[in-house]
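Below you'll find the structure, written out as structure tokens, and then a few comments.
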Amino acid sequence: MGWARKILRVNLTAGTVKSEPLNMDWAQKYLGSRGLGTKYLVEEIDPKVDPLSPDNKLIFATGPLTGTMASTGGRYTVITKGALTGAIACSNSGGFFGAELKFAGWDMIIFEGRAPSPVFLFVEDGNARLLPADHLWGKSVWDTEHEIKAQLQDPLVRVSTIGVAGEKGVKYACIVNDLHRAAGRSGVGTVMGSKNLKAVAVRGTEGVKIRDFPGFLKASETAKGVLAGNAVTGQGLPTYGTQVLMNVINETGAMPTRNHRDIQFEGAHKISAEAMAEKRPTDGKSNLVANQACFGCTIACGRVSMIDKTHYTVVNRPQYWGASGGLEYEAAWALGSNTGVDDLEALTFANFICNEQGMDPISFGATVSAAMELYETGALTKEQTGGIELRFGSAEALTQLAELTGKGEGFGAEIGLGSKRLCEKYGHPEFHMGVKGQEFPAYDSRGIQGMGLTYATSNRGACHLRSYTVASEVLGIPEKTDPLATDGKAGLVKAFQDATAAFDSAGICIFTSFAWTLQDVAPQVDAAIEGGWSVDRMVETGERIWNLERQFNLAAGFTAADDTLPKRLLTEEANSGPAKGRVNDLGKMLPEYYDIRGWTPDGVPTNETLARLAL
Amino acid sequence: MHYVVLGAGPSGVVAAETLRKADPTGTITLVSGENEPPYSRMAIPYVLTGKIGEAGTHLRKGEDHYAARGIDVRVNARATALMPDHKRIDFADGSHMKYDRLLVATGARPVRPPIPGLNLKGVHHCWTLEDTRNIIALAEPGTHVVLMGAGFIGCIVLEALAARGVQLTVVEMGDRMVPRMMNPIAGTMIRRWCEAKGIRVLTNTKIKALQNVAAEKSRGIFGFLKRREPTEARDTLDVELDSGEMLSAHLVVVSAGVAPNVDFLANSGVKVDRGIMVDRYMRTSVNDVFAAGDVAQGYDFSTKAHDVHAIQPTASEHGRIAAMNMAGHNIQYNGSLQMNVLDTVGLISSSFGLWAGVDGGDSVEIVDDANYKYLNLQFADDVLVGGTAIGVTQHVGVMRGLIQTGTKLGPWKERLKADPHRLMEAYIARTHLT
Amino acid sequence: MQRSLNIDPGKCTGCRQCEMACSYENEGVFNPSKSRIKVFTFDAEARFVPYTCTQCAEAWCMQACPVDAIKVNLATGAKEVHADLCVGCKVCTIACPFGTINYNASSGKVMKCDLCEGDPACAKACPTQAITFVDSNWTGLDKMRAWAAKTDTGARAN
């Protein structure tokens, strides 16, 4: 009930698949998806393992609300030790794959080892088998999905796959399902590629049962009403998508621009949600053609775009003329503001390529921007870039590198290293804008102070999806705090981190949290599964998960010294906007954060904390 | 106006009901040759499996269904002669009936091939409710049953017999199962499936003769040697095959084809070919005599020729259109489509239209032997004209939709050639997304 | 007043709440594969099309049923499968040119939209009003009906 109570263990080395009962004690403690998958990973791998060795494991996990009528109840999480970071990696994706896996009767799939040659897994309800994927190796995400559907003779099969980027070891390769929904960050696709696992195809017809259907329907209907009535989830996101933020964040003065050298982008209005909806002078059509929902989502923030057929990127290339996943805010920022490129069609094309070849547009865009800084400062030469003029603002450089990186070719192989390795290699580690090896997302922590602490303490490296204090500091959700203040941010970050872990582990989308609190989520979870899930229990579970992830990272070799930000953000003052003259005051927030967390001043959970959380 | 409908199968019943709607005041008599309420032969296999009782086969369930519509049902009346000049039908019991307009919907009857011993006890057709009762009495779990014929009807019977848990051997003269519905690849796939389910399937094999098991001893050891399995105590019949093999059986079910019930039309002037020839208004060659259903050789949508399509959808369409025309409306039939759906021990197959293709046409085929899946689409230009599917159950009806509307597939033809399983997408795209 | 499902694909976001609601209403489980309404996605065109039975006047399925297991609900106009009578022969599934009546192997019977006795769960669950239940005279089903007529084997009155 709620849980399928069954996990699928796939040993790629031996080529075996077997069904195991879900550990229900763990399920009661870690809920599902992110939390439960992490528990399995932590129990089963050596934290010091090389992420790309066969001894690392890769877990696809659904939550108790995945495959239910809860709004956005279609998520799954990929958990592994990250190829980009070496930290716990936990990347969440929407689309339809997660729900399908649950409908097939599985809470999670654990992949172990490494296949001797490329394979893909086909799960058809209770049956699972590994099939050769030699014919798919070297194929893009899009071609792989089409070929698998044709091969399995079922257009309704859902496919989660890596593109060429994951095969070629691009450090931030992602796993893409349903053509353009991705478990995006930390290089989970790189790990998948290292296992010679090309794809997972699922067809589920068994359905999902829950503990209390009438109670659940009542709770989920009420909660859907909350989403519909909220300005962000009811109007902003469906109409504009996450791109609603482009102008807002730019005006806040927290828009990282040209590798965080600037904090506002003069071209933001050209790549914003509003720009996507405007008719192009060239063909009279808008970039945006529709909004699309993931499974069960009553928000429908997803962007679907079509590129201008006359744009230089797609002339005579009809494979890019159809509609596909359009720019979300993070991608528009990473590919656009952060590289100084304001050509909307070029950004859309680069985004298509990220989807097609399976790479994280945030890390890709941020790495290109770091490379641009290296180039402009002379640390990289045109000979080294293979003739590419890697200047800020060059759309051509961006789109060319997208194609090269996606296929691991030419200078793209260098971009595929991620910005930390790239900047170190070319002698300027200070140009890497990230934490624990993972590039920042689209909020400059000088303009939104809480995000500095968010990034520094995020267990998977720099990330906005671990505690989106932007909601409070900019949007006023659940209550407005001053983005430039540091007071109270430690508590705010902890509260967001714990709640987010609970949302993620339930199997729903974190975007619901623009409108929902755990008051809205807990009744749905409680009706779905046994155990009596109150708000307090959800919060405690979130905190337990956070500490479990932290323990893994500590065991993997991370220390408090890694809970920091690049020098640029700590020492170089913002040069414009409301935050002009500010740096991020991480030092004022971090000790308090450790204290509130019940961690030692070195960032280690105390025995009392561990005991309190039953860890 | 007195309408007489001969035959109380689906075609006759639909016709009688349609007549009532079209002519509220006319007199309607529905005549059955059997001593049963109007029932559906198609449902008989489900009586055999125990899924329904005999009442479950009745075409209409309400007790007063016919009376409430002013339809007079006469049972156990087998027509023996039609005299169009006198607008009269004679019956086997010596009675007769006058009509103003007549619909012949007498269907078909099973053929009994000229094989010695088919008259023995333990040999039955599977055609009427009476046959069903006889088969149920003999087809006990574990008994040896021989099924003669693996055509469409044979395969339906096969499913039912298998469900009763008998040890089944199917003997088919042709080179494959369901030869008139499935091409060799599909027919072979169905055969493999049946064999995997424990049914013995012999193709290219004829039954030479049947005799009582008691006669065996006189054949001595030679007869014994040709047996694969020893005779069981319950076996009463020996079935001799042209391969030289001898089978023992407790029950032999004969499904060797059907013939139209047209004997009573001799000398009536009603033109008969493979069935009663009807025009596109379901009129026969004789004034005021119409024909419909399995007995009628009607207009074929695909071939533009006339053929017998002995399937339920055609029977009810025939009945409806014939009745409309009998009642004075002028409705032209666009023609029936050959189509069938079959469930052989859990493997579901279907075929539509010109599934063998057309000259100069185009096609796509996917054979997945390991998973018992098959899909074959036949095109003329960019229009679907036929299809065959095994292991596909969802949305198969759109094959009919696409064929019968002649929908141009445009770019979807190439997409279907790349992946024919996108049929439903193609259908929606070309009919509702334009 | 007879009401019909009105489907406006332009408003559909492809979320499948309708499929979930349908499967729960009819099967007591969240299971889109058992839904009587299906959303078809056309990725390259960014179109999402919910699709189900239109309760067409021709009632191909009903006409094709050999055992009178499909009947009209006089209150709603829906053609309903009576599971107690259905023998699972599947003839309706090949007769329906819309592909909207389908065999359910787990029940051994066919299933189709029955308008939930006049209160369709799919319409209630749709967050964008892509599926509404409205006065039959107001529906946008005319186009579909016109197409249905095209399939009619005997519609040509001379």
Using non-hydrogen atoms only, which part of [X] is less than 4.5 Å away from chain C: side chain, backbone, both, or neither?
X: A:Val208; answer: both
X: A:Lys102; answer: neither
X: A:Ala70; answer: backbone
X: A:Ile210; answer: side chain
X: A:Phe103; answer: side chain
X: A:Glu221; answer: neither

Determine yes or no for a side-chain-to-main-chain donor-acceptor pair under 3.5 angstrom, with [X] supplying the side chain and [Y] the backbone.
X: A:Asp308; Y: A:Glu345; answer: no
X: A:His311; Y: A:Thr313; answer: yes
X: C:Lys109; Y: C:Cys86; answer: yes

Review point. Side chain, backbone, both or neither: which part of C:Ala125 has a non-hydrogen atom closer than 4.5 Å to chain A?
Key: side chain
Practice item. Sort C:Gln17 into side chain, backbone, both or neither according to what part of it lies under 4.5 angstrom from a heavy atom of chain A. Key: both
Is [X] salt-bridged to [Y], cutoff N-O under 4.0 Å?
X: A:Asp154; Y: A:Arg203; answer: yes
X: C:Arg3; Y: C:Glu117; answer: no
X: C:Glu19; Y: C:Lys38; answer: no
X: A:Arg158; Y: A:Asp178; answer: yes
X: C:Glu80; Y: C:Lys112; answer: no
X: C:Glu27; Y: C:Arg36; answer: yes

Exercise for review: Measure from the ring center of C:Phe30 to the ring center of A:Phe216 and say whether it is less than 6.0 Å.
Suggested key: yes
Check your understanding: Looking at the rings of A:Phe213 and C:Tyr24, which for Trp means the six-membered one, are their centres under 6.0 Å apart?
Key -> yes
Practice item. Among A:Gly296, A:Ala290, A:Ala300, single out the residue with the greatest number of heavy-atom pairs under 4.5 Å to chain C. Key: A:Gly296
Check your understanding: What residue in A:Ile299, A:Leu217, A:Thr205 has the most heavy-atom pairs under 4.5 Å with chain C?
Key -> A:Thr205
Point to revise | Most contacts with chain A, counted as non-hydrogen pairs under 4.5 angstrom, among C:Ser33, C:Pro127, C:Ala44 | key: C:Ala44
Study note, to complete from the structure: Ranked by heavy-atom pairs below 4.5 Å to chain A, first place among C:Cys126, C:Gly28, C:Ser23 goes to C:Gly28
Exercise for review: Assess whether atom OH of C:Tyr103 is packed by more than 12 heavy atoms of other residues, nucleotides or ligands within 6.0 Å.
Suggested key: yes
Check your understanding: So does A:Lys6 have more than 12 non-hydrogen atoms from other groups sitting under 6.0 Å from NZ?
Key -> yes
Check your understanding: Of all the residues in residues 317-324 of chain A, which have a heavy atom that comes within less than 4.5 Å of a heavy atom in chain C?
Key -> A:Gly322, A:Ala323
Exercise for review: Please test C:Ile101 against C:Met111 for side chain to side chain contact (heavy atoms under 4.5 Å, CB included), starting from the C-alpha separation and ending with a verdict.
Suggested key: CA-CA 6 Å; C:Ile101 183 163; C:Met111 56 186 196; over 6 Å; no
Practice item. With a 4.5 Å heavy-atom cut-off (strictly below), which parts of residues 65-79 of chain C touch chain A? List them by number. Key: none
Point to revise | Distance-only polar pair, side chains of A:Asn177 and A:Ser93, donor-acceptor under 3.5 Å | key: yes
